[in-house]
Engineer: 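Dumping the structure here so I can ask a few things about it.
Position 1 is the first residue of the sequence, and the numbers go up from there.
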Amino acid sequence: MRCHLPNLRRLAVASTLTALLASGCTPIQLQDSSLQSAGDALSAAQELSAGLESQRFLLRSAATFQERGEHEYAREVLLSTAFDEPEPEVADQYLLLSMDSAVALEDREWAADLVAAMPETQYQQYPEDLQARAAQLQDDAYSLAQAPLPSARFLMNIQPELLGIDRQQLNDRIWQTLKETPDAALNDTATSAIGFENQGWYELAATLRQPGMSLEAQGHAVRNWRFNWSGHPGAETVPTELALLTQVLEQRPERITLALPLSGPLSAAGNMVREGFLAAYYAAEQESAQAAVTTNDSAGNGAQVTATRNNESSSDQDTALEGDEGNRRAQPPEPATPSNTSITIVDTNGRPFEEVLPELLASDPDLIVGPLAKDEVAALASRSDLPVPVLALNYAPEQDGPTPAQLFQFGLSVEDEARQIAERIVEDGVGQALVLIPEGDWGDRIASALEERMQELGGIILDMERYSEEDNFRDVSAELLGINISRERAIELERTMGLNIEFEPRRRQDAESIIMVAEPMIARQFKPLFSFYYANDVPVFSPSIIYSGRPSPARDRDINGVYFTDLPWILDREPEFRQQAYESFDNLDGPLGRLFAMGADAWTLSINLPLMQQIADSRVTGHTGELWLDANNRVHRHQMWGVFDEGEPVIASEQDEDDSEPETGEETDSVIN
């Protein structure tokens, strides 16, 4: 029997499918009032023949519940054993009703089961007037199930009008889902992809995932991809994020003023930041174009560095990209880069930054990098506005009111390290922590950031001990680990019983980790005390303060096994830039090396701030960590993890790999991953 379809244009999914299923498909006359619950529907279905007849009845029941907004009842019906194997005649209706209730109930697990076996073109199986609603439900189900790759495939093969969006919005969504797809899944799919559009999208995503690729290199890659895939929907309507990526080369500042204390008490720090900034600048010039560099001493407190890049303008190139679909030129367009980049360096020693600012503005800079002192950054933050963008190399205290829109703040924030430690221990499942932090304002900042992030993540600080260098560290450790409480209980028991009791103190058993904030000399005393007080099996995590930056295996054996977060500059010796810097400069292992790395990253931020400001989740890989910008224009960092092994710091992942392969006949202790 052929079922004639009613007019579906103005009908909801549930009522539409009720009509479809009722049009001669079953003799049962379903009355809305007769079904008060899912149990009623399932009981009534038992009177029907198992299989197609009962499934049609139950689908009509589920549609009725959905029309009444009773999605819990619909879910109970649709997840019943009656639909362990939906009949082919009703499989499409079953999927659509199931997606409707899964989305309405935000049932992530159910949605994941539905999309796992669903073809990306499922929406095409429904009547034309119902396809838009079916496509929207399918789209919502992918999002709910957090299935980015199936979602990407679905979006690549649908017309934007079906989702009520335009081509720009569709391409933006395709790019976002590809970004969220894990590398392994993307690579597997790319190798078997069929079709011009799909292959083009996968190649674009794979190209921009190359390890260590700078934002500048990504911008060039997007330009080349557009040339190679002329006529592709993504080349004609570039995803917004990638369009911004290509524009960053034109938006980068051409005149930069570096304002630092190069003499006086802060001269060592200021000069090292300057050297790192210029070293990164020269390295970037060598990578992007042939540069003619001259350095001239100028009158007063500064020097000027000028570099000229010999690259063609991009105006004609952009027009060429918009040519007839399918036409290919012989060569891809040259990437656009500024024709001139000048850096003016000014010594700010002995003068408040507010006083120096008019002098800095005299050279008409596009960006000022500095100041370095915290109080001067605070003074800038209290202003209502700034005439040009300023990348300060420190942080002002958090304040309730707004800061100038053009003030950016970057430094080696210990608060970022505290937050990263909280994230690590919660992720590792050892979120019940004991904490040791020094007294003083600096320790207060760490404690505040740690407590806030632990609370956000659901971690628990069992106890926090604040110590000073004059304290007896043995007593501090015993107090932290609950040894003193154990002793007091034994003494009280002796008094109560009037007997001498053999007593072996026990540490508290609820501690899953220890967070130790201590300089190397102090940490070398605390860590053995943890072992002495029966906490040898409790993993210890520390910020970078635990490591001076200079290897000292003989002394650092006492902190073996301690995990610590530190700059990639300190832990990763492989990058070519780092190796070249070590050949040219002395004293890059210790604190000055960290400032050199910060200066290098200040250059990287200088040329990438426009993009980071416009794309909320954009990140830059730097020598001080992975960098990103928050809504208040404060730069945050995510550092690497190291661990002390035989007294030497190694990258934690490398040490984990070594420990995962024990020698024959030997066992190794487990390592926190």
Side-chain angles (χ1 to χ4, degrees), residues 108-109 111-123 135 138-160 163 165 167-246 248 332 427 611-612 615-621 626-628 638 653 657 673:
R108 193 179 305 278
E109 184 177 350
D113 290 339
L114 291 171
V115 303
M118 185 189 302
E120 287 78 24
T121 57
Q122 175 62 34
Y123 65 93
Q138 191 170 343
D139 187 30
D140 292 342
Y142 285 131
S143 298
L144 182 61
Q146 296 179 332
L149 184 55
S151 180
R153 291 195 293 256
F154 162 76
L155 294 170
M156 288 177 197
N157 294 284
I158 195 170
Q159 293 302 312
L163 295 177
I165 58 179
R167 171 54 66 175
Q168 183 67 68
Q169 292 170 310
L170 181 64
N171 286 1
D172 288 348
R173 292 204 49 211
I174 291 172
W175 179 244
Q176 189 60 42
T177 56
L178 289 173
K179 281 179 57 181
E180 295 170 359
T181 302
D183 289 345
L186 183 65
N187 292 337
D188 290 345
T189 301
T191 56
S192 59
I194 299 175
F196 176 74
E197 293 187 15
N198 291 14
Q199 290 175 335
W201 282 118
Y202 293 137
E203 180 177 308
L204 176 62
T207 298
L208 297 187
R209 288 197 184 196
Q210 296 177 37
M213 203 175 196
S214 67
L215 291 179
E216 181 176 3
Q218 290 180 356
H220 296 168
V222 171
R223 287 174 174 270
N224 290 336
W225 180 85
R226 290 184 66 189
F227 167 78
N228 292 327
W229 289 87
S230 177
H232 189 281
E236 295 179 342
T237 307
V238 182
T240 302
E241 179 177 321
L242 300 186
L244 291 172
L245 187 63
T246 59
V248 74
E427 180 182 346
L611 180 68
M612 298 174 73
I615 301 178
D617 62 346
S618 60
R619 301 199 171 205
V620 175
T621 300
E626 188 180 48
L627 311 175
W628 71 95
H638 191 277
S653 59
E657 290 172 4
N673 293 316

Engineer: Which of parallel (below 30°), tilted (30 to 60°) and perpendicular (above 60°) describes W225 and H232?
Structural biologist: perpendicular
Engineer: With the side chain counted from C-beta on, respond yes when T181 and T189 share a heavy-atom pair under 4.5 Å apart, and no when they do not.
Structural biologist: no
Engineer: Return the minimal non-hydrogen interatomic distance between P239 and G234, and the atom names on each side.
Structural biologist: CD-O, 3.8 Å
Engineer: Do R153 and N157 have side-chain atoms, one donor and one acceptor, less than 3.5 Å apart?
Structural biologist: no
Engineer: For Y142 versus E120, what's the shortest heavy-atom pair and its separation?
Structural biologist: OH-CA, 3.7 Å
Engineer: To the closest 0.5 Å, what do you measure between CG (D140) and CG (L144)?
Structural biologist: 8.5 Å
Engineer: Side chains of D172 and Q168 only: does a donor on one sit below 3.5 Å from an acceptor on the other?
Structural biologist: yes
Engineer: Closest heavy-atom contact between R209 and E180?
Structural biologist: NH2-N, 4.4 Å
Engineer: Using the side-chain contact (heavy atoms from CB on, under 4.5 Å) rule, pick out the option among L170, I174, N171 that qualifies with M156.
Structural biologist: I174
Engineer: Salt-bridge test for K179 and E241: reply yes if a basic N is under 4.0 Å from a carboxylate O, no otherwise.
Structural biologist: yes
Engineer: For a 4.5 angstrom cut-off between non-hydrogen side-chain atoms, does Y123 reach I158?
Structural biologist: yes
Engineer: State, with a plain yes or no, whether a side-chain heavy atom of P160 is found less than 4.5 Å away from one of R173.
Structural biologist: no
Engineer: Looking at side-chain heavy atoms only, is the closest gap between T177 and S151 below 4.5 Å?
Structural biologist: yes
Engineer: Within the 4.5 Å heavy-atom criterion, are L163 and Q169 side-chain neighbours or not?
Structural biologist: no
Engineer: Does CD belonging to E109 count more than 12 external heavy atoms closer than 6.0 Å?
Structural biologist: no
Engineer: If I take atom CG from residue L208 and atom CG from residue L178, how far apart are they, to the nearest 0.5 angstrom?
Structural biologist: 10.5 Å
Engineer: Would you say the side chain of M118 lies within less than 4.5 Å of the side chain of F154, judging by non-hydrogen atoms?
Structural biologist: no
Engineer: Indicate yes or no: at least one non-hydrogen side-chain atom of R167 is less than 4.5 angstrom from one of P233.
Structural biologist: yes
Engineer: Let me have the donor-acceptor pairs involving side chains of residues 193-207, under 3.5 Å, with sequence neighbours excluded, atom names and distances please.
Structural biologist:
unit_1, atom_1, unit_2, atom_2, d
Q199, NE2, A193, O, 3.2
E203, OE2, W229, NE1, 3.0
T207, OG1, E203, O, 2.7

Engineer: Check for a donor-acceptor pair, side chain of Q138 on one end and backbone N or O of P119 on the other, with a separation under 3.5 Å.
Structural biologist: yes
Engineer: For the residue pair A111 and A141, what are the closest heavy atoms and their distance?
Structural biologist: CB-O, 3.9 Å
Engineer: So which heavy atom on A185 is nearest to which on L149, and how close?
Structural biologist: O-CD2, 3.7 Å
